[in-house]
Amino acid sequence: MPPNIVHDVDGLPRIILTEPGGSSAEVLLYGGQVVSWKNERREELLFRSSKAIWKPPKAIRGGIPVCFPQFANFGSLEQHGFARNRLWSLDSSPSPLPPTNSQSNVDLILKSTEEDLKTWPRSFELRLRISLSAGKLTLISRVRNTDKKAFSFTFALRNYLSVSDISEVRVEGLETLDYFDNLMQKERFTEQADAITFDGEVDRVYLSTPTKIAIIDHEKKRTLVLRKEGLPDSVVWNPWDKKAKALADFGDEDYKTMLCVDSAVVENPIVLKPSEEWKGRQELSIVSSSYCSGQLDPSKVLYGFI
């Protein structure tokens, strides 16, 4: 079935994905960005800023922006690269991928334009498959080098997650790992806590992270599990009160109900020779509140995609 494209009041064309269990997702062609993911009870699982700007060329604060070919300011390009504020297209000939057992999916593509080549002179194709199934949202990213020379890039899927109260949330799976602290000039530290909790601004790039991370929301009695492949790093961000007030597209109180836990490639950029392709995969799923990452076989947590 062809994707269902609708034009809302903001004028941005979006694709609506649904599955028989009642969950749904909305994907914008602008930025190739997932802006909504609701469970079968119609509860929104992704955060969107109350002051988000829904007009190009601004990126939209919330959902799952695609950061390419640069994450944050780790390079000379604009913050988070340009893919998140370009108009993507439906991919008429998507790369063959193994079945996802999903009920609903869409394939998008972004190709380098003359404008992009002025600031980043490399020819590429960036593909994104978004798949929805009961309790699960999967994003598969592929970058192909269509240039005559090798190039390198960093990448992230910036997951703006909706939480009940940031002070009641804990993140498990990143303990004992090294991280760059962006609040300390990217100085490198080692995580000492047995889980990450929040009582102030956090902006960290955790390195060589496991394939599974758990975000436990005590008040909502649910845990969101992030599983990933090909995306070795994880970024954890919450602006807290002062930074929230300083951001024009972020509500003053929005920091209380959001948390970014990203799937990323930051420390060691991907290098692609001509015609080579890179693939990254992430899966977000909801499980019961009794879950915690330590209940699983540690060897599987660290080395297996489960």
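Residues Lys51 and Asp252 approach most closely at NZ-OD1, 4.3 Å, considering heavy atoms. Taking every heavy atom of both residues into account, Thr209 and Ser234 meet most closely at OG1-OG, 3.0 Å. Minimum heavy-atom separation, Asp91 to Pro94: OD2-CA, 3.3 Å. Nearest heavy-atom pair, Ser23 versus Ala134, reported as atom, atom and distance to 0.1 Å: OG-CA, 4.4 Å. Here the shortest heavy-atom pairing between Asp147 and Pro274 reads O-CB, 3.3 Å. Residue Pro239 comes nearest to Leu247 through the heavy atom pair CB-CD1, 4.5 Å, listed as atom of the first residue, atom of the second, then distance.
Side-chain contact between Leu46 and Ile64 is present, with heavy atoms from C-beta onward closer than 4.5 Å. Between Leu45 and Arg222 the shortest side-chain heavy-atom distance falls below 4.5 Å. Counting heavy atoms from C-beta on, the side chains of Pro65 and Tyr160 come closer than 4.5 Å. Between Val66 and Ser141, the closest side-chain pair of non-hydrogen atoms is not below 4.5 Å. Within the 4.5 Å cutoff, the side chain of Pro56 has heavy atoms near those of the Leu12 side chain. Using a 4.5 Å cut-off on side-chain heavy atoms (C-beta onward), Ser263 and Leu226 make contact. Side chains of Asp217 and Thr223 form no contact here, defined as non-hydrogen atoms less than 4.5 Å apart. Contact annotation: the side chain of Pro13 never approaches that of Tyr30 to less than 4.5 Å [non-hydrogen atoms, C-beta and beyond].
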Stepwise side chain to side chain contact (heavy atoms under 4.5 Å, CB included) test for Arg127 and Asp107
CA-CA 7 Å; Arg127 287 180 161 87; Asp107 288 280; over 6 Å; no

Take Phe250 and Phe47 through the test ring pair (Phe, Tyr, Trp, His ring centres under 6.0 Å) and record every step on the way to the result.
CA-CA 11 Å; Phe250 203 97; Phe47 164 86; 5.7 Å; yes

Apply side chain to side chain contact (heavy atoms under 4.5 Å, CB included) to the pair Val261 and Val235, showing each step before the final yes or no.
CA-CA 6 Å; Val261 181; Val235 185; over 6 Å; no

Set out, in order, the CA-CA distance, both residues' side-chain angles and the distance that settles salt bridge (charged side-chain N to carboxylate O under 4.0 Å, His left out) for Arg61 and Asp254, then state yes or no.
CA-CA 11 Å; Arg61 176 80 67 181; Asp254 282 356; over 6 Å; no

Give the intermediate values and the outcome of side chain to side chain donor-acceptor pair (under 3.5 Å) for residues Ser49 and Asp249.
CA-CA 7 Å; Ser49 167; Asp249 62 347; 5.8 Å; no

Verify side chain to side chain contact (heavy atoms under 4.5 Å, CB included) between Val205 and Lys186, making sure each step is shown before the conclusion.
CA-CA 9 Å; Val205 181; Lys186 298 186 175 70; over 6 Å; no

Working for side chain to side chain contact (heavy atoms under 4.5 Å, CB included), residues Trp120 and Phe68:
CA-CA 11 Å; Trp120 199 63; Phe68 171 88; 4.1 Å; yes

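For the side-chain hydrogen bond (donor to acceptor under 3.5 Å, both in side chains) criterion with Ser24, the lone passing option out of Lys38, Glu19, Arg42, Glu40 is Arg42.
Using modelled atom types, no side-chain atom of Asn105 and backbone atom of Arg129 make a donor-acceptor pair closer than 3.5 Å. Panel note: side chain Arg144, backbone Ser275; a donor-acceptor pair is recorded below 3.5 Å. Within the 3.5 Å criterion, the main-chain N or O of Ala59 finds no donor-acceptor partner in the side chain of Asn85. A distance-only check finds a donor-acceptor pair linking the side chain of Glu191 to the backbone of Ala193 [under 3.5 Å]. In terms of modelled atom types and a separation under 3.5 Å, the side chain of Glu175 and the main chain of Gly173 share a donor-acceptor contact. Without hydrogens or angle criteria, Gln33 side chain to Ile60 main chain gives a donor-acceptor distance under 3.5 Å. Looking only at distances, no side-chain donor or acceptor of His80 sits under 3.5 Å from a matching main-chain atom of Phe71. At least one donor-acceptor pair closer than 3.5 Å links the side chain of Thr146 to the backbone N or O of Ser123. The main-chain N or O of Ala72 is found under 3.5 Å from a side-chain atom of Gln70 such that the two form a donor-acceptor pair.
We find that Glu43 and Lys220 are not joined by a salt bridge, their nearest charged nitrogen and carboxylate oxygen being 4.0 Å or further apart. Under a 4.0 Å N-O distance rule, the pair Arg188/Asp178 qualifies as a salt bridge. Classification of Lys279 and Glu277 as a salt-bridged pair fails, no side-chain N sitting under 4.0 Å from a carboxylate O. In this structure, Glu253 pairs ionically with Lys256, as a charged nitrogen and a carboxylate oxygen lie closer than 4.0 Å.
We find the CG-CG distance between Leu132 and Leu139 to be 10.5 Å, quoted to the nearest 0.5 Å. With rounding to the nearest 0.5 Å, the separation of CG in Leu126 from NZ in Lys111 is 12.0 Å. Going from atom CG of Leu110 over to atom CG of Leu128 covers 10.0 Å, rounded to the nearest 0.5 Å. Atom CD1 of Ile130 is separated from atom CH2 of Trp37 by 13.0 Å, given to the nearest 0.5 angstrom. For the atom pair CZ (Arg204) and CZ (Phe189), the distance works out to 9.0 Å, reported to the nearest 0.5 Å. Distance CZ/Arg281 to OG/Ser131: 8.5 Å, rounded to 0.5 Å.
Hydrophobic cluster membership differs between Phe124 and Val271, with clusters built from Ile, Leu, Val, Met, Phe, Trp and Tyr side chains linked at under 4.5 angstrom. Cluster membership check: Leu28 does not share its hydrophobic cluster with Ile53, using side-chain heavy-atom separations under 4.5 Å among Ile, Leu, Val, Met, Phe, Trp and Tyr. Under the 4.5 Å side-chain heavy-atom criterion for Ile, Leu, Val, Met, Phe, Trp and Tyr, Met258 and Leu161 are members of the same hydrophobic cluster. With hydrophobic clusters built from ILVMFWY side chains whose heavy atoms lie under 4.5 angstrom apart, Ile5 shares a cluster with Val27. Connection of Trp54 to Val6 is not established within any shared hydrophobic cluster, with ILVMFWY side chains joined at heavy-atom distances below 4.5 Å, either directly or through further cluster members.
With a 6.0 Å radius and a threshold of 12 heavy atoms from other residues, nucleotides or ligands, Lys58 has its NZ atom at or below the threshold.
Applying the salt bridge (charged side-chain N to carboxylate O under 4.0 Å, His left out) criterion to Arg170, with sequence neighbours excluded, gives Glu172. With sequence neighbours left out, the salt bridge (charged side-chain N to carboxylate O under 4.0 Å, His left out) criterion links Asp262 to Arg158.
The side-chain hydrogen bond (donor to acceptor under 3.5 Å, both in side chains) contacts involving residues 235-248 comprise Glu201-Lys243, where partners must be two or more places apart or lie in separate chains.
Seen from the ring of Phe151, Arg122 does not count as a face-on cation partner, given the 6.0 Å and 45° thresholds.
Judged by distance alone, the side chains of Ser36 and Glu44 do bring a donor and an acceptor atom under 3.5 Å apart.
In this structure, Trp278 and Phe153 have perpendicular ring planes: the angle between them is above 60°, well past the 30° mark.
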